[in-house]
Amino acid sequence: MKILVMNGSPTAESRTRGIAEYAANVLQEKGVEVTFFDVGKDRLPLYTGDTAEQENEAVRKLVKAADEAQGFFVCTPEYHNGMSGALKNALDFLTGAQFKNKPAVITAAAGGGKGGINALNNLRTVLRGLYSLVIADQFVADPLHFNDERELTEELATLRVNALIDQLVDLTKLVLSNSKN
Ligand SMILES: Cc1cc2nc3c(=O)[nH]c(=O)nc-3n(C[C@H](O)[C@H](O)[C@H](O)COP(=O)(O)O)c2cc1C
C-alpha cells in the first residue's frame with residue numbers, strides 16, 4: 001500500500017510538518033510505503049496552467065507521488081479560516097485522475113481555541129472537488145500538542161492521529177481489494 005503524506009505548510013518552523021512527520025513514521029512502522037511531499041521544502045511555482053510548469057522538478061515529484069498513491073494523509077495549517085495558499089496551489093496542479101476513489105485523511109494545525117475547523121471544511125470541500133474519499137473523522141492540533149521542536153508529542157493527540165491512520169489503512173485496503181474483483 002502506498003500513501004502520500006502531504007505537509008501543507010510553507011513555514012520553516014512548522015507544526016503542520018510535525019503532524020505530517022508523525023503520521024509518516026506511524027505509517028512506515030505499519031509497513032506502509034510512504035512518500036512525503038512538503039510544500040515548505042518542495043517549492044512549487046505558482047500554478048498558471050502553463051504546460052511548461054509540468055517540467056518543474058517539484059511539480060513532477062508531486063504529480064508522480066499523487067499518481068502512485070493509493071491513499072492520502074493531508075495536513076494543513078489554518079490561515080485566516082482556510083487551508084494554506086501553498087497547499088491549495090499544490091492541489092491545483094493535481095486532478096481527479098490522481099484522487100478519484102482514493103481515501104484521504106485530513107488534519108490541521110491551528111492557533112488554539114476553536115481554530116482549525118474552517119481549514120478542514122475548506123480542505124474537505126476541495127478534496128471532494130478532486131473526487132477523493134475523504135474520511136469523516138479528522139483532527140486539529142493546538143500548539144500545546146507539540147514540544148519545543150514542533151514534534152507532535154501530546155498523548156491524546158497522538159492517539160487521535162493513530163486512530164485516523166488505522167481508518168485510512170483499513171479503507172484503502174477495502175478499496176484496493178474491491179478494485180481487484
Ligand atoms: C497568516 C496566518 C493566519 C492564521 N490564521 C489562523 C486562523 O484563522 N485560525 C487559527 O486557529 N490559527 C490561525 N493562525 C495560526 C496558525 O494556524 C498556527 O500558528 C499554525 O501552527 C500554523 O501552522 P505552521 O506552524 O505549520 O505554520 C494563523 C497563522 C498565520 C501565520
Side-chain angles (χ1 to χ4, degrees), residues 3-29 32 34-48 56-59 61-62 65-66 69 71-94 99 103-130 132 134-165 167-168:
I3 300 290
L4 172 56
V5 177
M6 295 182 75
N7 168 37
S9 172
T11 61
E13 298 192 335
S14 163
R15 296 188 188 98
T16 312
R17 184 175 296 117
I19 306 173
E21 287 178 345
Y22 177 82
N25 285 336
V26 173
L27 283 160
Q28 275 164 345
E29 280 164 15
V32 172
V34 173
T35 47
F36 199 90
F37 191 87
D38 188 323
V39 302
K41 294 181 178 173
D42 302 303
R43 293 297 177 93
L44 293 163
L46 186 66
Y47 176 80
T48 66
N56 174 279
E57 193 183 335
V59 174
K61 177 179 175 180
L62 174 63
F72 296 84
F73 192 104
V74 187
C75 311
T76 184
E78 177 159 288
Y79 288 164
H80 304 320
N81 288 354
M83 75 173 84
S84 69
L87 177 59
K88 179 60 168 61
N89 183 60
L91 294 173
D92 288 343
F93 282 101
L94 302 173
F99 280 95
V105 158
I106 56 173
T107 67
K114 297 272 193 298
I117 195 74
N118 286 314
L120 291 181
N121 284 339
N122 179 211
L123 179 54
R124 184 175 291 280
T125 302
V126 170
L127 289 177
R128 190 185 68 208
L130 288 162
S132 174
V134 187
I135 288 171
D137 202 2
Q138 57 192 21
F139 170 71
V140 174
D142 289 342
L144 54 79
H145 292 148
F146 300 86
N147 66 14
D148 290 344
E149 283 72 49
R150 293 177 172 76
E151 295 165 327
L152 187 75
T153 48
E154 198 274 329
E155 191 185 358
L156 290 178
T158 60
L159 291 174
R160 290 280 298 115
V161 174
N162 293 353
L164 286 173
I165 287 170
Q167 290 183 55
L168 179 62

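Indexing begins at 1, ligand by ligand and atom by atom, following the structure's order.
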- Item | Protein contact to atom 27 (O) of ligand 1 [nearest heavy atom, distance to 0.1 Å] | Thr11 OG1, 2.8 Å

- d(Glu78 CD, Ile117 CD1) to nearest 0.5 Å is 8.5 Å

- Query: Got the closest protein heavy atom to atom 23 (O) of ligand 1, with its distance?
  - Reply: Pro77 CB, 3.2 Å

- Distance (rounded to the nearest 0.5 Å) between His145 NE2 and Phe139 CZ: 5.5 Å

- Message: To the nearest 0.5 Å, what is the distance between CG on Leu62 and OG1 on Thr35?
- Response: 9.5 Å

- Task: Go through ligand 1 atom by atom and flag the ones less than 4.0 Å from a non-hydrogen atom of Ala109.
- Result: 17 (O), 20 (C)

- For ligand 1, find out whether one of its N or O atoms is nearer than 3.5 Å to an N or O atom of Gly111. yes

- Note the single closest protein heavy atom to atom 30 (C) of ligand 1, along with its residue, its atom name and the distance in Å. Tyr79 CD2, 3.6 Å

- Note on the structure: So the atoms of ligand 1 within less than 4.0 Å of a heavy atom of Thr16 turn out to be 23 (O), 24 (P), 26 (O)

- Residue and atom name of the nearest protein heavy atom (relative to atom 8 (O) of ligand 1), distance in Å to one decimal: Asn81 N, 3.0 Å

- Message: Can you tell me how far apart OG1 (Thr158) and OH (Tyr22) are? Round to the nearest 0.5 Å.
- Response: 4.0 Å

- Item | Proximal ligand 1 atoms for Ser9, defined as those under 4.0 Å from one of its heavy atoms | 24 (P), 26 (O), 27 (O)

- Note on the structure: If you scan protein heavy atoms around atom 28 (C) of ligand 1, the nearest is Glu78 O, 3.4 Å

- Query: For atom 21 (O) of ligand 1, what is the nearest protein heavy atom, given as residue, atom name and distance?
  - Reply: Arg15 NH1, 2.9 Å

- Rounded to the nearest 0.5 Å, how far apart are CG of Asp38 and OG of Ser9? 8.0 Å

- Message: Whether the side chain of Asp42 engages the backbone of Ala58 through a donor-acceptor N/O pair (distance < 3.5 Å, no angle test) should be reported.
- Response: no

- Message: Considering Lys114, Glu13, Arg17, His80 one by one, which has a heavy atom nearer to atom 5 (N) of ligand 1 than any of the others?
- Response: His80

- Query: At what distance, to the nearest 0.5 angstrom, does CD1 of Ile106 lie from CZ of Arg124?
  - Reply: 4.0 Å

- Kindly write out the residues that satisfy side-chain contact (heavy atoms from CB on, under 4.5 Å) with Asp137, not counting sequence neighbours, or none if the list is empty. Ile135, Arg160, Leu164, Gln167

